[in-house]
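See structure below.
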Number of protein chains: 2
Amino acid sequence: MKISELSRRSGVSIPTIKYYLRDGLLPPGRATAANQADYGEEHLRRLRLVRTLVGVRRLPVGAVKEILGAVTEQGGDLHQIFGIVTDARPVTQQQKQAREREREEAGEETGGVADARELVAAMGWEVNPGTAAVRSLGEVLDALADMDAGIDWRSLLPYARLADRISELDVQQMNGVSGVLELAERAVLVSVLLEPALLAMRRLAQEDKSARLFGGGPKEGEGEG
Amino acid sequence: MKISELSRRSGVSIPTIKYYLRDGLLPPGRATAANQADYGEEHLRRLRLVRTLVGVRRLPVGAVKEILGAVTEQGGDLHQIFGIVTDARPVTQQQKQAREREREEAGEETGGVADARELVAAMGWEVNPGTAAVRSLGEVLDALADMDAGIDWRSLLPYARLADRISELDVQQMNGVSGVLELAERAVLVSVLLEPALLAMRRLAQEDKSARLFGGGPKEGEGEG
DNA sequence: CGCAATGGATAGTAGTGCGATCCGTTATCT
DNA sequence: AGATAACGGATCGCACTACTATCCATTGCG
């Protein structure tokens with residue numbers, strides 16, 4: 001199919017498709033002439049996946065490119081896929097944090113990261129020590145310490161146990177999927193796309209709980225169920 | 001204290017502090033003269049909170065402003081605080097999605113949002129129907145449907161149950177905190193700051209689980225424990 | 001054979017967080 | 001009291017991102 005059809009069937013504008021092609025998010029179509037290329041169903045699937053990752057979750061285009069490269073090349077090693085996908089961090093767009101990142105990567109490890117490793121050890125998780133998630137968790141623990149919140153890594157253990165059960169659900173989602181690329185795509189979807197869903201559901205449950213506990217306010221007397 | 005001391009004690013550069021003052025993220029100091037202002041400990045706390053929300057979590061400055069305004073003004077109504085805080089969405093920076101948002105707000109409701117409401121009903125959650133989280137969840141369900149992932153709102157129910165338990169932990173974090181502003185700040189921290197922590201722990205657990213299930217690959221023979 | 005569509009490249013746009021600089025004023029040190 | 005440095009405020013500019021618009025020669029298709 002031509003780019004116009006790809007655009008119509010995907011709902012993505014032609015300039016955006018061109019942009020993705022330029023950046024390597026979409027593999028180039030098979031060139032049938034100097035100014036004609038042929039796109040297949042795989043391009044459509046890939047385009048939908050890109051739109052999902054960039055649009056719903058807000059991964060930077062570069063991260064999406066890495067993920068897709070991993071899916072395409074080493075579609076076999078699911079653990080690799082999971083690792084690359086989960087290591088992707090949301091959009092940053094500041095250079096200052098890049099410097100902080102450099103400082104941390106230069107070996108200077110904050111106390112929060114050490115705490116994060118303790119939590120990982122306490123949970124019995126076997127992970128790559130350099131995983132971005134450890135740094136993320138460390139940042140949060142640092143911030144909590146800075147804020148004198150009285151929340152340390154031990155208080156996160158109940159959360160960690162629930163996170164563990166979530167991850168069990170995650171790997172269950174891989175059941176019944178056959179085909180290497182399909183498995184990889186499913187891994188991407190489960191890891192990446194369910195994040196905002198989880199957060200949204202947590203927020204909804206929070207709203208429910210906080211309404212029951214704190215919401216019996218003076219203004220709106222919604223009879224508590 | 002003067003702005004320089006505020007900068008030193010917070011680790012935030014003076015131009016950044018000025019920027020926050022401009023945008024209303026920090027209340028202006030008490031002006032002691034035409035070019036002198038006095039900042040107190042509350043400014044320091046507020047500044048740390050801002051840095052946490054903007055830096056660790058990546059809330060747009062406008063959202064942080066709303067949250068802080070809510071914390072300051074209606075510090076009493078915890079449910080209100082939770083609502084405003086959890087309604088804040090991560091940085092968007094595209095106008096196209098703003099248009100999509102408009103379309104949705106114009107009344108045109110996608111199927112995913114309807115599914116999200118079904119999930120909410122199935123969980124027995126009582127929430128404001130206009131909550132942003134419902135739309136977020138709807139977006140994800142739309143995306144899942146678009147991808148033909150075979151994941152519908154029913155398959156998210158186990159996740160929803162875990163989210164519910166997470167929210168129970170969340171409200172437990174409010175115990176032992178006294179003082180209206182302290183409670184509000186705690187609500188912000190718990191709602192906002194634990195999000196990346198949760199996601200990070202989920203990723204770590206995923207990595208652990210995927211290593212056990214799929215990682216016994218040919219390359220690295222880490223004895224499965 | 002002609003016109004519109006195609007693919008490719010090069011700018012330009014919007015929005016964000018933040019830094020640099022200028023400017024008039026004022027605290028502070030001597 | 002006078003020099004000097006810092007202050008607060010405002011404006012401009014930067015870097016980054018995802019995306020759009022425009023121009024170009026080429027070419028398919030009726």
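Each chain gets a letter, A, B and so on, in the order the sequences are listed, and its residues count up from 1. These figures come from a predicted structure and were not determined experimentally. Note that these values count all heavy atoms, side chains included, but never hydrogens, waters or copies made by symmetry.
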Report the distance from atom CD1 of Ile14(A) to atom P of dT22(D), rounded to the nearest whole Å.
15 Å

Distance check needed: dA5(C) C1' versus Ile17(A) CD1, whole Å only.
14 Å

The criterion is side-chain hydrogen bond (donor to acceptor under 3.5 Å, both in side chains); which residues satisfy it with Asp152(A), sequence neighbours excluded?
Ser155(A)

Separation of dT25(C) atom P from Ile3(B) atom CD1, nearest Å, is 19 Å

Partner residues of Arg45(A) under the side-chain hydrogen bond (donor to acceptor under 3.5 Å, both in side chains) criterion, sequence neighbours left out:
Glu185(A)

Using heavy-atom distances to pick each residue's nearest nucleotide on DNA chain D, tell me which of Tyr20(A) and Glu5(B) is more 5'.
Glu5(B)

Check whether any side-chain N or O of Ser13(B) sits under 4.0 Å from OP1 or OP2 of dC18(C), and answer yes or no.
no

Kindly say if Arg51(B) contacts the phosphate of dG17(C), meaning a side-chain N or O under 4.0 Å from OP1 or OP2.
no

Phosphate OP1/OP2 of dA18(D) contacted by Thr16(A) side-chain N/O (<4.0 Å)
no

Rounded interatomic separation in angstrom, taking CG from Leu47(A) and P from dA18(D):
15 Å

Can you tell me if Arg22(A) touches the phosphate of dA11(C), counting only side-chain N or O atoms and a distance under 4.0 Å to OP1 or OP2?
no

Interface polar pairs with nucleotides 28-30 of chain D, N/O, under 3.5 angstrom:
none

From CE of Met1(B) over to C1' of dC7(D), roughly how many Å is that when rounded to an integer?
16 Å

Can you check the Leu26(B) CG to dG9(D) C1' distance for me, whole Å?
15 Å

I need the Leu144(B) CG to Glu139(B) CD distance, nearest 0.5 Å.
12.0 Å

What pairs meet the salt bridge (Lys or Arg N to Asp or Glu O under 4.0 Å) rule with one or both residues in residues 15-31 of chain A, with sequence neighbours excluded?
Arg30(A)-Asp38(A)

Any Tyr19(B) side-chain nitrogen or oxygen under 4.0 Å from OP1 or OP2 of dG17(C):
yes

With sequence neighbours excluded, residues passing side-chain hydrogen bond (donor to acceptor under 3.5 Å, both in side chains) with Trp125(A):
Asp164(A)

May I have the distance from Leu21(B) (atom CG) to dG17(C) (atom P), rounded to whole angstrom?
16 Å

Taking atom C1' of dT17(D) as reference, at what distance in whole Å does atom NZ of Lys65(A) sit?
15 Å

Identify whether the distance between the nearest side-chain nitrogen and carboxylate oxygen of Arg46(B) and Glu41(B) falls below 4.0 Å.
no

Looking at residues at least two apart in the chain, or sitting in another chain, which of them share a side chain to side chain contact (heavy atoms under 4.5 Å, CB included) with Glu195(A)?
Arg57(A), Leu199(B), Arg202(B), Arg203(B)

Judged by nearest nucleotide, the residue sitting upstream toward the 5' end of DNA chain C, Val61(B) or Lys18(B), is Val61(B)

